[in-house]
Amino acid sequence: MDGLRACVHCGICLPQCPTYRVLGEEMDSPRGRVYLMRAAAEDRIGLTPTMARHLDLCLGCRACETACPSGVPFGQLLEATRAQFERRGVTAPTRDSATLRFILETFPHPGRLGPMLHALRMYQWTGVQAVVRGLGLLSPFKKLQTMEALLPTVPLPGAALPELIPARGPRRGRAGLLLGCAQRFFYPDVNADTARLLSAAGYEVVVPRGQECCGALHLHAGRLDEFRAMARRLMPAFADVDVVVVNAAGCGSAMKEYSHWLPDDTARVFSERVQDVSEVLAGCDLPLRARPETVTYHDACHLAHGQKIRAQPRELLRRIPGLTLVDLPDSDLCCGSAGVYNLLEPGMAGQLGRQKVARIRETGARVVTAGNPGCLMQIRQHCRETGLDVEVVHPVTLLARALEGR
Ligand code: SF4
Ligand code: SF4
């Protein structure tokens, strides 16, 4: 309740809010949403489907937190309020509950996601995807079409990373690598590159077998009981490392907040050890060779706003000799990915995706980087659909390509 009362209705957050910028509606702004959440907490209004709709439209991007001079912890308030809606079973009539259920029962479970992606890989590699897209066969099925459009090329499952990768050079410590649910299947090279960079920086890298989902999707959906259970299952996998390294902004942000949602010493100690890969590498020397190219950087919301990490990825990219890093206007405005928001709210997500690509086009960069798999998929999709020919990659991909001795 203190967080809700901290809002002084100044409106400074409004221009930073993507949904307010698009809709111009007070109740789809941070100030309006805080007003609704406070009124509900004080029993002045009930938890209604209309209020649920305003919260569903919120991306949870937390740009309002960055802007707010009063320190309103918007992300935590949103998640706590969504949990109340979940408990009471109140949803907006527009809520696509079937898609959300499918996502929560599939994406965080590697044993289910893997076989599904195998079928999708066949769909792509046999040329069926090209025919389906060319003929617009999915256009009568809007939701399916949205999900299909987002699908990146599903790579062949690479060899599993070794459970232990030794440090090269003077040893700095022992780093545990989170594989992530989307990252391990859609971007396994990002995990391999992260491990290689950490090893080159002097870390012995541990890749715990059987590590499960961090629970971020459940947290954002207000499924707090399931989120807490997932967090409790994940933490022991990283019991014997100095630092838990994460290369997916959404996962890292959630794992740093375990200490808020599970107020005990185990969670506090765990959260204190979680770091984004850019935080870890920024403190290390890396032997990098020249790669002349023009690159721009998109701030993933859960890095810039959720973890306050902006400087480290940029500083690392600037260390690559010959690389020119150009500013991306509105770099920290959400691209519309927001976890699985783009699957649930394709209209708003599409507008934000197209806006992001327009800003990227202005930079003239040939390469776009972002530290979150969801952003990579969303930006790639909208670049493809608007005919912008750029490479969209994680910053560690560029660093690993520049790593000497590769
Ligand atoms: S989290 Fe993002 S979308 Fe939601 S109110 Fe804040 S700025 Fe707006
Ligand atoms: S900036 Fe903070 S205090 Fe001002 S209206 Fe927004 S949430 Fe409230």
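Values below: all heavy atoms of this structure, side chains included; hydrogens, waters and symmetry mates excluded.
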If you count the non-hydrogen atoms of other residues, nucleotides and ligands that lie under 6.0 Å from [atom1] in [X], is the total more than 12?
X      : atom1 : value
His109 : NE2   : yes
Tyr35  : OH    : no
Asp2   : CG    : no
Asp285 : CG    : no
Arg88  : CZ    : no
Asp264 : CG    : yes

If the threshold is 4.0 Å, N to carboxylate O, is there a salt bridge linking [X] and [Y]?
X      : Y      : answer
Glu86  : Arg82  : no
Glu226 : Arg233 : no
Glu26  : Arg31  : yes
Glu362 : Arg359 : yes
Asp242 : Arg273 : no
Glu257 : Arg62  : yes

*In sequence, state the C-alpha distance, the side-chain angles, and the governing distance for Glu272 and Lys256, and then conclude on side chain to side chain contact (heavy atoms under 4.5 Å, CB included).*
CA-CA 7 Å; Glu272 285 172 1; Lys256 286 182 178 181; over 6 Å; no
*salt bridge (Lys or Arg N to Asp or Glu O under 4.0 Å) contacts touching residues 320-341 (sequence neighbours left out)*: Arg21-Asp330, Arg310-Asp332
Evaluate the side-chain proximity of [Y] to [X]: yes if any heavy-atom separation is below 4.5 Å, no if none is.
X      : Y      : answer
Val393 : Tyr187 : no
Arg172 : Glu204 : no
Thr363 : Pro329 : yes

Inter-residue atom distance [X].[atom1] - [Y].[atom2], 0.5 Å rounding:
X      : Y      : atom1 : atom2 : value
Glu345 : Asp56  : CD    : CG    : 6.0 Å
Phe74  : Cys13  : CZ    : SG    : 8.5 Å
His54  : Thr48  : NE2   : OG1   : 8.0 Å
Asn247 : Thr194 : CG    : OG1   : 4.0 Å
Met230 : Cys213 : CE    : SG    : 4.0 Å
His305 : Thr66  : NE2   : OG1   : 4.5 Å

*With side chain to side chain contact (heavy atoms under 4.5 Å, CB included) as the test, would you mind laying out the steps for Thr369 and His298 before giving the verdict?*
CA-CA 6 Å; Thr369 58; His298 159 72; over 6 Å; no
Can you give me the closest heavy-atom contact between [X] and [Y], atom names plus distance?
X      : Y      : result
Glu385 : Ala149 : OE2-CB, 3.6 Å
Val90  : Leu47  : CG1-O, 3.4 Å
Ser199 : Val205 : N-CG2, 4.0 Å
Leu161 : Ala195 : CD1-CB, 4.4 Å
Asp193 : Val396 : CB-O, 4.0 Å
Arg196 : Ala400 : NH1-CB, 4.3 Å

*asked:* Applying the side chain to side chain contact (heavy atoms under 4.5 Å, CB included) criterion to Glu279, which one of Val243, Ile309, Val274 satisfies it?
replied: Ile309
No-hydrogen, no-angle side-chain donor-acceptor test under 3.5 Å, [X] and [Y]:
X      : Y      : result
Arg314 : Ser331 : yes
Gln378 : Asn342 : yes
Glu79  : His220 : yes

*Pair Val22-Asp28, side chain to side chain contact (heavy atoms under 4.5 Å, CB included): steps then yes or no*: CA-CA 9 Å; Val22 170; Asp28 291 311; over 6 Å; no
*When the aromatic ring centroids of Phe107 and Phe185 are compared, is their separation below 6.0 Å?*
no
*Specify whether Phe270 and Tyr258 have parallel, tilted or perpendicular ring planes, treating 30° as the upper limit for parallel and 60° as the lower limit for perpendicular.*
parallel
*For Phe238 and Val241, what are the C-alpha separation, side-chain angles and deciding distance, and is it a side chain to side chain contact (heavy atoms under 4.5 Å, CB included)?*
CA-CA 6 Å; Phe238 294 93; Val241 299; 4.1 Å; yes
*For residues 7-20, pull every pair meeting side-chain hydrogen bond (donor to acceptor under 3.5 Å, both in side chains), keeping only residues two or more places apart or in separate chains.*
Thr19-Arg33
